[in-house]
Enquirer: 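To start, I am sharing the structure in question, which I have written as structure tokens.
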Amino acid sequence: MRESVVIMGGGVIGLSCAFELRRRGHQVTVLELTRCGGQASGAAAGMLAPYSENVEGPDAFFRFCLESLRLYPEWQADVKRISGRTFEYTHSGSLYVAYHEADMLALEGRLLWQREYGSSGSIVEGEALFRLEPQLSRDVRAALHTPEESHLYAPHYVAALEQACRVTGVRIHENLERLSVADWQNEIAIQSADGRVFGADRLLVCSGAWAQELSATFGIRIPVYPIRGQICAYEVDGKPVQHMVFGNQGYLVGKENGSLVCGASEDVAGFDTSVTEKGIERLRKWNKNAFPFLADKTPFHRWAGLRPATQDGYPLIGALGGAKRVVFAAGHYRNGILLSPATAMLAADCLEGRAPAEYAQAFSPERFGSG
Ligand SMILES: Cc1cc2nc3c(=O)[nH]c(=O)nc-3n(C[C@H](O)[C@H](O)[C@H](O)COP(=O)(O)OP(=O)(O)OC[C@H]3O[C@@H](n4cnc5c(N)ncnc54)[C@H](O)[C@@H]3O)c2cc1C
């Protein structure tokens, strides 16, 4: 059945869901407090790296991340074709570096289980490693090479998604300043500060780090909180870093536009998105340990965004049991760009009442109890 859906939040998650729901024939309206992509989504490094980001084991979250990576080739081509815009999408592969013999066991353990999940990865060391990444510090002992991982240029991707939504007929309202849920039990009615009421059959909550503000409205605990990520970029000649390079304290990723993006801190600073000297200095220290040529370089750009973290590290994706007309898609923490296509599919399936059982429990928005 075709329905009308109001989406609260115009970040990568809200826009991806809007794009998919519109393609399935639903009527979609996006309500955004500021401007689309103006928060975490526009700040992201754009890495699509399920293997490097999930070091513990193949849980439901890892499988969901992997599913999303595999959706990307077709999904991003659709976004480009429909929006008429282009953005960088690069299959660079990644290197997860280890400096000490003691770290090798962890890399080998990861490689074992990741191979069962489609990775053609290997441990590379010595000359083979420096052939792959010639400017890497000679202090690096070895690296886990994962050829399957990619990255994109997040601000351009989000802008293309927004455009794809607009050309397919999604209505987008920005700069709404304040929104309240006037009704969700009988019908959906969202009221803006200027007195407008947006009505719909269904509500999709995609408000990222701000999702917790709806706890009282829906009577559930929503332990989503902001974790600030400070990040910077250097201007470089040519392409001195070939892969996405990860370590325990940071990552580097070279972009087509000649910048080398280095991220990112993880600090608790409420909703403050300012950049601190201490935060960037810590990144610079790690950067020059990984790539000595960065020792005398200063980042030309520094910024920060708020990752929507959850108490258990899993996102909230699913319908409220007592009110199927309300669906959540929030709390994507470090992987919202990677998870954009899979979340769009899953949230749309939830709205259409056919969510796969695999994720229903793990990502249930009600798993933290009432509040
Ligand atoms: C420095 C940094 C680097 C990152 N790098 C990567 C990466 O390499 N790869 C990756 O996959 N992920 C990365 N992430 C994580 C990724 O950016 C997030 O997981 C993702 O952007 C979350 O998307 P979102 O749409 O849920 O949130 P947001 O982009 O924050 O969007 C939420 C939107 O909701 C709006 N909003 C808030 N309250 C309301 C309301 N009541 N009504 C309507 N709208 C509302 C906000 O204004 C905002 O625009 C990074 C994040 C940071 C900060």
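Numbering of ligands and ligand atoms starts at 1, following listing order. The analysis underlying the following values was restricted to heavy atoms, covering all of them including side chains, and did not include hydrogens, waters or symmetry mates.
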Enquirer: Starting from atom 41 (N) of ligand 1, which protein heavy atom do you reach first, and at what distance in Å?
Expert: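 The closest heavy atom on the protein side is M8 CE, 3.6 Å.
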Enquirer: Could you list the atoms of ligand 1 found under 4.0 angstrom from a heavy atom of T34?
Expert: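 Ligand 1 atoms under the 4.0 Å threshold to T34: 47 (O).
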Enquirer: Could you check which of L179, N335, I227 puts a non-hydrogen atom nearest to atom 42 (N) of ligand 1?
Expert: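 Nearest heavy atom to atom 42 (N) of ligand 1 lies in L179.
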Enquirer: Quick test of your reading of the structure: of R334, R178, H151, whose heavy atom lies closest to atom 14 (N) of ligand 1?
Expert: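 Among R334, R178, H151, the closest heavy atom to atom 14 (N) of ligand 1 comes from R334.
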Enquirer: For L306 and ligand 1, does the shortest N/O to N/O distance drop below 3.5 Å?
Expert: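 Min N/O separation from ligand 1 is not below 3.5 Å for L306.
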Enquirer: Can you pull out the closest protein heavy atom to atom 52 (C) of ligand 1? Residue, atom name and distance to 0.1 Å, please.
Expert: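 Answer for atom 52 (C) of ligand 1: R307 CG, 3.8 Å.
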Enquirer: Counting each atom of ligand 1 from 1 as listed, which ones have a heavy atom of C206 under 4.0 Å away?
Expert: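 Heavy-atom distances to C206 below 4.0 Å select 32 (C), 34 (O).
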Enquirer: Scan side-chain atoms only and decide if N287 and Y234 contain a donor-acceptor pair under the 3.5 Å cut-off.
Expert: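 Per modelled atom types, N287 and Y234 side chains form a pair under 3.5 Å.
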Enquirer: Give the numbers and elements of all ligand 1 atoms closer than 4.0 Å to a heavy atom of L338.
Expert: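 In order of number, 10 (C), 11 (O).
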Enquirer: Between L31 and ligand 1, which residue portion shows a heavy-atom distance shorter than 4.0 Å: side chain, backbone, both, or neither?
Expert: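 The answer is the backbone.
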Enquirer: In chain order, what residues pass the side-chain contact (heavy atoms from CB on, under 4.5 Å) check against A160, with sequence neighbours excluded?
Expert: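 A160 satisfies side-chain contact (heavy atoms from CB on, under 4.5 Å) with V79, S83, R85, F87 only.
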Enquirer: Going by atom types only, do H26 and E352 share a side-chain donor-acceptor pair under 3.5 Å?
Expert: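 Judged by distance alone, the side chains do pair up.
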Enquirer: Donor-acceptor pairs are to be reported for all side-chain atoms of residues 58-70 against protein atoms at under 3.5 Å, with residues two or more places apart or in another chain.
Expert:
unit_1 : atom_1 : unit_2 : atom_2 : d
D59    : OD1    : F61    : N      : 3.4
D59    : OD1    : F62    : N      : 2.9
D59    : OD2    : Y314   : OH     : 3.0
R63    : NE     : E358   : OE2    : 2.7
R63    : NH1    : P58    : O      : 2.8
R63    : NH2    : E358   : OE2    : 3.2
E67    : OE1    : Y359   : OH     : 2.6
S68    : OG     : L338   : O      : 2.6
S68    : OG     : A342   : N      : 3.1
R70    : NH2    : Y117   : O      : 3.4

Enquirer: Among all protein heavy atoms, pick the one closest to atom 33 (C) of ligand 1 and tell me residue, atom and distance.
Expert: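 Looking only at protein heavy atoms, the one closest to atom 33 (C) of ligand 1 is E32 OE1, 3.6 Å.
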Enquirer: Relative to the heavy atoms of H332, which atoms of ligand 1 are at a distance of less than 4.0 Å?
Expert: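 Here the atoms of ligand 1 in question are 19 (O).
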Enquirer: Do Q114 and T146 have side-chain N/O donor and acceptor atoms under 3.5 Å apart?
Expert: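 Their side chains do not contain a donor-acceptor pair, so the 3.5 Å distance test is not met.
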Enquirer: Would you mind finding which of S41, G10, G336 brings a heavy atom closest to atom 16 (C) of ligand 1?
Expert: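 Of the listed residues, G336 has the closest heavy atom.
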Enquirer: Going by the atom numbers of ligand 1, which of them fall below 4.0 Å from some non-hydrogen atom of A44?
Expert: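 Counting from 1, the qualifying ligand atoms are 3 (C), 4 (C), 5 (N), 6 (C), 13 (C), 14 (N), 17 (O), 50 (C).
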Enquirer: For a quick check under 3.5 Å, do T34 and E32 share a side-chain donor-acceptor pair by atom type?
Expert: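 T34 vs E32: donor-acceptor pair found between side chains.
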Enquirer: Does K297 pair with E235 as a salt bridge, N-O distance under 4.0 Å?
Expert: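 E235 and K297: not salt-bridged.
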Enquirer: Regarding S52 and Y251, do their side chains bring together a donor and an acceptor under 3.5 Å, going by distance alone?
Expert: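 No donor-acceptor contact under 3.5 Å links the two side chains.
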Enquirer: Heavy atoms only: which of I13, V30, V253 lies closest to atom 26 (O) of ligand 1?
Expert: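 The option holding the nearest heavy atom is I13.
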Enquirer: Distance only, no hydrogens: is a donor on one side chain within 3.5 Å (strictly under) of an acceptor on the other, for T343 and H332?
Expert: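 The criterion, which ignores hydrogens and geometry beyond distance, is satisfied for H332 and T343.
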Enquirer: Show me which atoms of ligand 1 lie under 4.0 Å from any heavy atom of M47.
Expert: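 Those of ligand 1 that fall under 4.0 Å from M47 are 7 (C), 8 (O), 9 (N), 10 (C), 11 (O).
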Enquirer: Return the residue, atom name and 0.1 Å-rounded distance of the protein heavy atom closest to atom 31 (O) of ligand 1.
Expert: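 Checked against all protein heavy atoms, atom 31 (O) of ligand 1 sits closest to G11 CA, 3.4 Å.
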Enquirer: Identify, by atom number and element, the atoms of ligand 1 in contact range of Y251, meaning under 4.0 Å from any of its heavy atoms.
Expert: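 It comes down to these atoms of ligand 1: 3 (C), 5 (N).
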Enquirer: How far is atom 15 (C) of ligand 1 from its nearest protein heavy atom, and which residue and atom name does that atom have?
Expert: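 Nearest protein contact, heavy atoms only, for atom 15 (C) of ligand 1 is Y333 O, 3.1 Å.
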Enquirer: Applying the 4.5 Å side-chain criterion to the ILVMFWY set and letting contacts propagate, would I7 and I337 be lumped into a single cluster?
Expert: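 Linked within one cluster.
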Enquirer: Mark up the atoms of ligand 1 that fall under 4.0 Å of a heavy atom belonging to G208, in ascending order.
Expert: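 Near G208, the atoms of ligand 1 are 26 (O), 27 (O), 32 (C).
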